[in-house]
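Okay, so here's the structure we're looking at.
Numbers here are sequence positions counted from 1. Ligands are counted one by one from 1 in listed order, and the atoms in each one are counted from 1 as well.
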Amino acid sequence: LEEKIISLEERVPKTYPEVNFLNYLQRKRILITGGAGFVGSHLVDKLMLQGHEVIVVDNFYTGRKLNVEQWLGHENFELIHHDIVNPLYIEVDEIYHLASPASPPHYMHNPVKTIKTNTLGTINVLGLARRLNAKVLIASTSEVYGDPDIHPQPETYWGHVNPIGPRACYDEGKRVSESLTYAYAKQENMQVRVARIFNTYGPRMHMNDGRVVSNFILQALQEDVISVYGSGDQTRSFQYISDLVEGLVTLMNCNYSQPVNLGNPIEHTINEFATIIKTLVGGNSKIIHVSEVEDDPQRRKPDISRAKKYLNWEPKVDLNEGLKKTVEYFRQELKKLKYTSRR
Ligand code: NAD
Ligand code: UDP
Ligand code: UDP
């Protein structure tokens with residue numbers, strides 16, 4: 001035991017990124033549900049660097065401790081393993097509610113759980129915000145527009161969603177989440193924010209996430225075939241993670257309470273996107289077409305006039321620049337995998 005104590009004393013203390021100093025009036029206690037996930041962990045970084053106290057609540061369904069490893073042990077940071085479907089009693093000033101699987105294979109894996117997380121989970125978050133009189137931001141999605149028949153999609157569009165299809169657990173879950181938010185806001189006079197997030201990519205996306213960005217990059221890096229679902233004429237608009245995080249924090253801090261689209265309006269067909277990634281990564285992958293997926297939205301592009309007007313926000317990161325960073329991240333992840341499988 002003595003030896004152990006001596007070795008503990010000699011241990012080199014962990015070093016952290018330098019955080020800004022805020023006095024007690026400026027510093028907020030901020031809860032991020034789903035903070036160990038892709039988007040959440042980048043938001044953690046931003047708010048920690050600004051000097052706030054950050055509490056992450058996550059059940060690690062799709063998130064990883066590794067995503068917030070850089071802050072474990074920091075005096076301003078706390079990580080709580082908790083499923084938001086169950087009530088949560090803590091004290092905070094502000095809440096970002098991000099807990100929910102986000103990629104189609106993940107949210108379809110356990111559709112009932114996805115619905116519970118977005119309904120019961122959101123009720124618990126709103127109940128918590130109500131008790132504390134805390135401002136709350138809900139992460140909604142472009143999926144509330146379903147397979148849209150209006151293009152591009154403004155926030156005033158009510159959507160075109162199949163209520164019983166394979167995507168319903170997520171789409172309708174998020175729609176109820178929004179309805180709950182505005183019902184609470186009206187009934188309980190609460191301060192709410194709703195971000196309708198469009199396709200976002202960047203480092204820390206889950207390797208087996210199944211979304212198009214991670215799939216195509218991993219396939220290109222491993223010289224596998226690049227699998228386009230269906231014709232590939234369907235479109236998406238891709239936003240880099242740092243743009244989204246900037247938008248989320250700006251939305252929380254502004255005084256606009258209606259839903260706001262956060263996305264990059266530059267639209268590509270999935271075929272174009274496959275070629276862009278193949279060219280960027282290099283290698284000899286062949287682009288092939290496999291069967292289309294059910295209820296796949298055919299066109300998606302945000303109308304961001306509202307974000308420009310009320311938040312003075314628009315995306316800054318160019319697709320090639322963002323993709324280069326993401327490719328580099330996956331390259332390193334693959335190296336780590338090879339190293340651990342050899343041991
Ligand atoms: P992600 O899967 O990486 O992160 C979600 C996090 O929530 C994970 O850490 C997961 O473990 C946690 N979680 C899931 N269910 C939970 C529960 N019941 N209790 C506690 N924690 C739970 O996904 P992401 O891409 O970071 O998405 C974050 C949020 O943004 C989600 O609400 C998602 O719907 C929304 N969103 C993301 C995108 C995108 O392109 N990434 C687009 C639209 C909306
Ligand atoms: N809740 C919570 N933490 C709190 C307050 C409430 O998790 O600090 C949950 C609790 O489970 C409750 C739900 O939020 O059922 C909704 O709370 P609300 O006050 O709106 O309604 P209640 O059901 O308590 O009347
Ligand atoms: N997609 C594809 N190949 C893949 C994964 C996805 O062609 O390996 C297509 C998918 O059919 C959809 C688009 O890419 O049209 C975006 O899919 P993703 O799952 O990334 O997000 P979402 O459909 O939720 O926008």
Side-chain angles (χ1 to χ4, degrees), residues 32-43 56-65 67-68 80-92 96-107 110 113-114 116-118 120-132 134 138-144 167 170-171 173-174 177 180 184 187-188 195-202 204-206 209-216 218-219 226-239 241 244 248 262-263 269-271 273-274 289-290 292-293 295-298 300:
I32 306 178
T33 73
F38 161 54
V39 176
S41 64
H42 286 278
L43 184 60
V56 165
V57 163
D58 205 294
N59 70 348
F60 302 109
Y61 183 51
T62 52
R64 305 190 295 171
K65 230 183 224 178
N67 287 340
V68 290
I80 303 174
H81 189 156
H82 176 83
D83 190 321
I84 203 61
V85 163
N86 300 313
L88 173 72
Y89 288 86
I90 56 171
E91 310 301 312
V92 291
Y96 290 85
H97 178 40
L98 272 59
S100 165
S103 86
H106 285 161
Y107 67 66
N110 188 341
K113 180 70 186 185
T114 301
K116 285 184 183 170
T117 297
N118 280 294
L120 298 174
T122 303
I123 290 180
N124 287 330
V125 166
L126 291 165
L128 175 71
R130 175 192 165 200
R131 177 174 65 79
L132 300 171
I138 305 289
S140 183
T141 167
S142 52
E143 292 279 333
V144 297
R167 301 174 88 100
Y170 184 69
D171 300 9
K174 290 286 184 184
S177 189
L180 281 165
Y184 264 88
Q187 195 174 314
E188 307 293 341
R196 290 194 180 143
I197 304 170
F198 282 65
N199 297 62
T200 307
Y201 70 96
R204 299 193 196 143
M205 284 184 92
H206 205 289
D209 170 298
R211 279 183 273 196
V212 69
V213 180
S214 41
N215 275 9
F216 283 4
L218 286 168
Q219 287 164 341
I226 296 179
S227 56
V228 172
Y229 300 163
S231 70
D233 293 332
Q234 69 272 32
T235 69
R236 291 294 186 274
S237 312
F238 299 98
Q239 115 180 284
I241 182 65
L244 171 62
L248 291 173
L262 293 178
T269 66
I270 296 304
N271 284 331
F273 194 60
H289 291 260
V290 299
E292 63 179 341
V293 292
D295 286 352
D296 201 357
Q298 291 306 296
R300 186 182 288 155

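Applying the side chain to side chain contact (heavy atoms under 4.5 Å, CB included) test between Leu128 and each of Val125, Leu132, Asn124 identifies Leu132 as the sole match.
When non-hydrogen atoms are compared, ligand 1 lies under 4.0 Å from the side chain of Thr117 (C-beta onward) but not from its backbone. At a heavy-atom cutoff of 4.0 Å, ligand 3 is contacted by both the backbone and the side chain of Ser227. Counting heavy atoms closer than 4.0 Å to ligand 3, residue Gln298 contributes nothing at all. The backbone and the side chain of Val212 each have at least one atom closer than 4.0 Å to an atom of ligand 3 (non-hydrogen atoms only). At a 4.0 Å heavy-atom cut-off, ligand 3 does not touch Val213 at all. At a 4.0 Å heavy-atom cut-off, ligand 1 touches Tyr170 through the side chain alone. When heavy-atom distances to ligand 1 are checked against a 4.0 Å cut-off, Phe38 comes that close through both its backbone and its side chain. Residue contacts with ligand 1 for Ser140 involve N, CA, C or O but no side-chain atom from C-beta outward (heavy atoms, distance under 4.0 Å). Contacts of Lys174 with ligand 1, taken as heavy-atom pairs under 4.0 Å, involve the side chain alone.
In this structure, Arg211 has a heavy atom closer than 4.0 Å to ligand 1. For Asn199, the closest heavy-atom approach to ligand 1 falls below 4.0 Å. Look at Phe216 and you'll find a heavy atom under 4.0 Å from some atom of ligand 3. No heavy atom of Gly121 sits closer than 4.0 Å to any atom of ligand 1.
At under 3.5 Å, not a single nitrogen or oxygen of Val57, backbone or side chain, sits near a nitrogen or oxygen of ligand 1. Close N/O approach between Pro101 and ligand 1 is not found [any backbone or side-chain N/O within under 3.5 Å]. Residue-to-ligand polar distances keep Lys113 apart from ligand 1: every N/O pair is separated by 3.5 Å or more. Checking only distances, Ala99 never comes within under 3.5 Å of ligand 1, N or O to N or O. Looking at Gln219 next to ligand 3, no N or O pair under 3.5 Å apart turns up. Polar contact with ligand 1: absent for Val85 (N/O pair, distance under 3.5 Å). On a distance-only criterion, His106 and ligand 1 share no N/O pair closer than 3.5 Å.
Counting atoms of ligand 3 from 1 in the listed order, those under 4.0 Å from a heavy atom of Gln234 are 11 (O), 15 (O). In summary, the atoms of ligand 3 found under 4.0 Å from a heavy atom of Arg211, numbered by their order in the structure, are 19 (O), 20 (O). Against a heavy-atom cut-off of under 4.0 Å, Arg300 is close to the following atoms of ligand 3: 22 (P), 25 (O). Ligand-side atoms of ligand 3 in range of Glu143: 24 (O), range being under 4.0 angstrom from any heavy atom. For ligand 1, the atoms sitting less than 4.0 Å from at least one non-hydrogen atom of His82 are 19 (N), 20 (C), numbered in the order shown with element in parentheses. Of all the atoms in ligand 3, the ones that sit under 4.0 Å from a non-hydrogen atom of Arg167 are 22 (P), 23 (O), 24 (O). Taking every non-hydrogen atom of Val228 and a distance limit under 4.0 Å, the qualifying atoms of ligand 3 come out as 7 (O). Heavy-atom contacts of Asp296 reach the following atoms of ligand 3: 10 (C), 11 (O), 12 (C), 15 (O) (cutoff under 4.0 Å). When each atom of ligand 3 is checked for a heavy atom of Asn199 under 4.0 Å away, the hits are 21 (O), 22 (P), 25 (O).
Taking both residues in full, the closest heavy atoms of Pro297 and Gln234 are given as O-CB, 4.0 Å, listed atom of the first, atom of the second, then distance. Between Thr269 and Gly232, the shortest heavy-atom contact is CB-O, 3.5 Å. Taking each heavy atom of Ser41 and Val68 in turn, the nearest pair found is CB-CG1, 4.1 Å.
Within the set Val56, Thr62, Thr200, the minimum heavy-atom distance to atom 8 (C) of ligand 1 is found for Thr62. The option with the heavy atom closest to atom 11 (O) of ligand 1, from among Ile80, Asp58, Val68, is Asp58. With atom 5 (C) of ligand 1 as the reference point, the heavy atom nearest to it among Ser142, Gly40, Ser100, Gly263 is part of Ser100.
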Less than 3.5 Å apart, N/O on ligand 2 and N/O on the protein: could you list those pairs with the distances?
| from | atom 1 | to | atom 2 | distance (Å) |
| --- | --- | --- | --- | --- |
| ligand 2 | 3 (N) | Leu88 | O | 2.7 |
| ligand 2 | 7 (O) | Leu88 | N | 2.8 |
| ligand 2 | 7 (O) | Leu88 | O | 3.4 |
| ligand 2 | 8 (O) | Arg131 | NE | 2.5 |
| ligand 2 | 8 (O) | Arg131 | NH2 | 3.0 |
| ligand 2 | 11 (O) | Asn124 | OD1 | 3.0 |
| ligand 2 | 19 (O) | Arg130 | NH1 | 2.7 |
| ligand 2 | 20 (O) | Arg130 | NH1 | 3.4 |
| ligand 2 | 20 (O) | Tyr184 | OH | 2.5 |

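Checked against ring pair (Phe, Tyr, Trp, His ring centres under 6.0 Å), His81 has the following partners two or more places apart in sequence or in another chain: Phe60.
A salt bridge does not link Arg204 with Asp209: every distance from a Lys NZ or Arg NE/NH1/NH2 to an Asp or Glu carboxylate oxygen is 4.0 Å or more. Salt bridge Lys116/Asp83: absent, no basic N to carboxylate O contact under 4.0 Å. Using a cutoff of 4.0 Å between basic side-chain nitrogens and carboxylate oxygens, Glu143 and Lys174 are not scored as salt-bridged.
For the pair Lys65 and Asp58, the minimum side-chain heavy-atom distance is 4.5 Å or more. In this structure, Arg131 and Tyr89 have side chains that are in contact, with non-hydrogen atoms separated by less than 4.5 Å.
Annotation: atom 43 (C) of ligand 1 to nearest protein heavy atom, Ile197 O, 3.1 Å. For atom 23 (O) of ligand 1, the closest non-hydrogen atom of the protein is Ala102 CB, 3.5 Å. For atom 31 (C) of ligand 1, the closest non-hydrogen atom of the protein is Leu98 O, 3.2 Å.
With values rounded to the nearest 0.5 angstrom, Thr117 atom OG1 is found 7.0 Å from Asn59 atom CG.
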Test log, rule side chain to side chain donor-acceptor pair (under 3.5 Å), inputs His206 and Ser214 | CA-CA 8 Å; His206 205 289; Ser214 41; over 6 Å; no
- Task: Test side-chain contact (heavy atoms from CB on, under 4.5 Å) on Asn271 and His289 and set out the steps.
- Result: CA-CA 9 Å; Asn271 284 331; His289 291 260; 3.1 Å; yes
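The backbone N or O of Arg300 lies less than 3.5 Å from a partner atom in the side chain of Ser237, making a donor-acceptor pair. The backbone N or O of Tyr170 sits nowhere less than 3.5 Å from a side-chain atom of Asn118 that would complete a donor-acceptor pair.
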